[in-house]
Peer 1: 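Shown below is the structure under consideration.
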Amino acid sequence: MGRKKGGGLSEKPAHVEAVRAPQGGERRTVDRAVKPPMRLRLWGRVRVRIEGLSLEKLMTRAADQGIGLMRVHRVDARMLQATVRSAELPRLRELAEKVGWRITVLHESLLRRSQGLMSRRAMLTCGVLVFFACVWLANSCVWFVRIEGAGESVGEVRTVLAEREIQPGRFVSTLDLQGLQRALERRLPRVAWIDVHLRGVTVVIECIPARIATPAAYGGEPCDIVASRDGVVTGMTVHAGIAKVKPGEAVRKGQMLVVGQERTADGQMRPVPARAEVLSRVWYSGSARIPATENVGEPTGAEQERVLIGTPWFEWSDTPVPDYGQSDIDVKRTMIGCVFLPLWVQIERYAEVTLSPVPRDRAALERESAAIAERIAREKLPFHAQILDKWVEYSMMKDDHFSAEVVLETVEDIAQSAPVSDTPHQ
């Protein structure tokens, strides 16, 4: 039809195929309409079939009343299909009843069917809405508060929670977790680390208590702290005793680092078991020495073949082993026995060679010697050492050997307990 009239009425060419009857003369039409697209089935629209005479009048009156017919499909002279909005379907039915046209609903959208279902089953609709409201409410509130690792400070944590009214049933959107964490850090001096986060519907407060060392807590006899090896001090943490060195100073193995004494309230010195962590830069070295040449064999042309018969218990051959100084040997063995009588024939071919030294590639020498030297240096490291730097020195020796020395710079704790020194300390 291909025309458009007022009121939103639009028509598209009908999918009608004309077919001639077998006897000839009369033509008939066959409806080739397809299902409405998915978007029409999802939204609030209805696909209807209208039957009757003068369907053009129906379309004109519908346009005059503001009823929009979409995707109009003319099937034959007395039938057409169209899509109409669900809200306008009752008005279209009323218009058709006045003239005598018959309207049949072919397809309803999902929204239209859902509206019909909800209108017929009001209790089910209310139940579904209440269910989704409860799910939303359950996920929008805090229902649990978990405190982990607070130890003796759990009472203080609960006090802060009560002051900020953080309790089950509070909305998540009203929580200030960062402010809670700052408040806990101010109120809990005995806790070294605090983390507050939300895990689902649970507020989790993780704490790590601080370990404040005191001389009484260590126990044991009074002692000093000395250096376990040479190094340069980078940092100190003294828990008990008096430090005798400062960061940046070089120390020797056995040098006094912390004296096992502390000053009392009346100014007197009393012995204590010294405890400290002394981080220091320490160097470990390893060296390797490998040949700078390799022997390459050159055949002289002299060859000899030897055949022997062997068993697991003995071997026999009528030909002795050739008396070559250096030789390449090619062995081929053939089994001729079985499991109960293992027996084989072995053919050995000897080729005499002369060995001559050839210089090796320097890059290969450096890689091999450095790898060996570094492995030796790493074997000297304690398990807690951290490598900061590494350097390698190479040298060629006069006896055709190549050497490499690797030095590893590490940071480690060199504090070591030692008996109290008899020498008075200033």
Peer 1: Got Ser140 and Val172 here, is their nearest side-chain heavy-atom distance under 4.5 Å?
Peer 2: no

Peer 1: Ignoring hydrogens, what is the shortest heavy-atom contact between Leu343 and Gly310? Give both atom names and the distance.
Peer 2: CD1-O, 3.4 Å

Peer 1: Quick test of your reading of the model: are Arg360 and Glu368 salt-bridged, counting only N-O distances below 4.0 Å?
Peer 2: yes

Peer 1: Side chains of Tyr324 and Gln326 only: does a donor on one sit below 3.5 Å from an acceptor on the other?
Peer 2: no

Peer 1: Which donor-acceptor pairs under 3.5 Å do side chains of residues 373-383 form with protein atoms, sequence neighbours excluded?
Peer 2:
unit_1: Glu374; atom_1: OE1; unit_2: Lys390; atom_2: NZ; d: 3.2
unit_1: Glu374; atom_1: OE2; unit_2: Arg378; atom_2: NE; d: 3.1
unit_1: Glu374; atom_1: OE2; unit_2: Arg378; atom_2: NH2; d: 3.3
unit_1: Lys380; atom_1: NZ; unit_2: Ser285; atom_2: O; d: 2.8

Peer 1: Before giving the answer on side chain to side chain contact (heavy atoms under 4.5 Å, CB included), spell out for Arg263 and Ile242 the whole-Å C-alpha distance, their side-chain angles and the decisive distance to 0.1 Å.
Peer 2: CA-CA 9 Å; Arg263 191 176 300 276; Ile242 300 175; 5.8 Å; no

Peer 1: Any donor-acceptor pair under 3.5 Å linking the side chain of Thr311 with the backbone of Trp313?
Peer 2: yes

Peer 1: Do side-chain atoms of Asp389 reach the backbone of Glu409 as a donor and acceptor pair under 3.5 angstrom?
Peer 2: no

Peer 1: Only one of Lys244, Met256, Gln261 forms a side chain to side chain contact (heavy atoms under 4.5 Å, CB included) with Asp224, so which one is it?
Peer 2: Met256

Peer 1: Side chains of Thr83 and Arg47: donor-acceptor distance under 3.5 Å anywhere?
Peer 2: yes

Peer 1: Check for a donor-acceptor pair, side chain of Ser280 on one end and backbone N or O of Val232 on the other, with a separation under 3.5 Å.
Peer 2: yes

Peer 1: Would you confirm whether Ser327, through its side chain, and Tyr350, through its main-chain N or O, come within 3.5 Å as a donor-acceptor pair?
Peer 2: no

Peer 1: Taking Asp230 for its side chain and Lys253 for its backbone only, find out whether a donor-acceptor pair lies under 3.5 Å.
Peer 2: yes

Peer 1: Backbone N or O of Gly254 within a donor-acceptor pair of the Arg229 side chain at under 3.5 Å?
Peer 2: no

Peer 1: Whether the Glu298 and Thr354 side chains hold a donor-acceptor pair (N or O, under 3.5 Å, no angle test) is what I'd like checked.
Peer 2: no

Peer 1: Under a 3.5 Å cutoff, is there a donor and acceptor pairing between the side chains of Arg333 and Gln346?
Peer 2: yes

Peer 1: Is it true that Glu156 and Arg158 make a salt bridge, defined as a side-chain N closer than 4.0 Å to a carboxylate O?
Peer 2: no

Peer 1: Please determine whether a side-chain nitrogen of the Lys or Arg among Glu305 and Lys332 lies less than 4.0 Å from a carboxylate oxygen of the Asp or Glu.
Peer 2: no

Peer 1: Does either side chain, that of Glu165 or that of Gln167, offer a donor lying less than 3.5 Å from an acceptor on the other one?
Peer 2: no

Peer 1: Spell out, as yes or no, whether a donor-acceptor pair under 3.5 Å connects the side chain of Gln181 to the backbone of Ile194.
Peer 2: yes

Peer 1: State, to 0.1 Å, how close Arg164 and Gly179 come at their nearest heavy-atom pair, and which atoms those are.
Peer 2: NH2-O, 3.4 Å

Peer 1: Please enumerate all residues that pass salt bridge (charged side-chain N to carboxylate O under 4.0 Å, His left out) together with Arg362, with sequence neighbours excluded.
Peer 2: Glu366

Peer 1: Is there a donor-acceptor pair closer than 3.5 Å between any side-chain N or O of Trp344 and the backbone N or O of Ile309?
Peer 2: no

Peer 1: Just to verify, what does Asp318 make a side chain to side chain contact (heavy atoms under 4.5 Å, CB included) with, not counting sequence neighbours?
Peer 2: Trp316

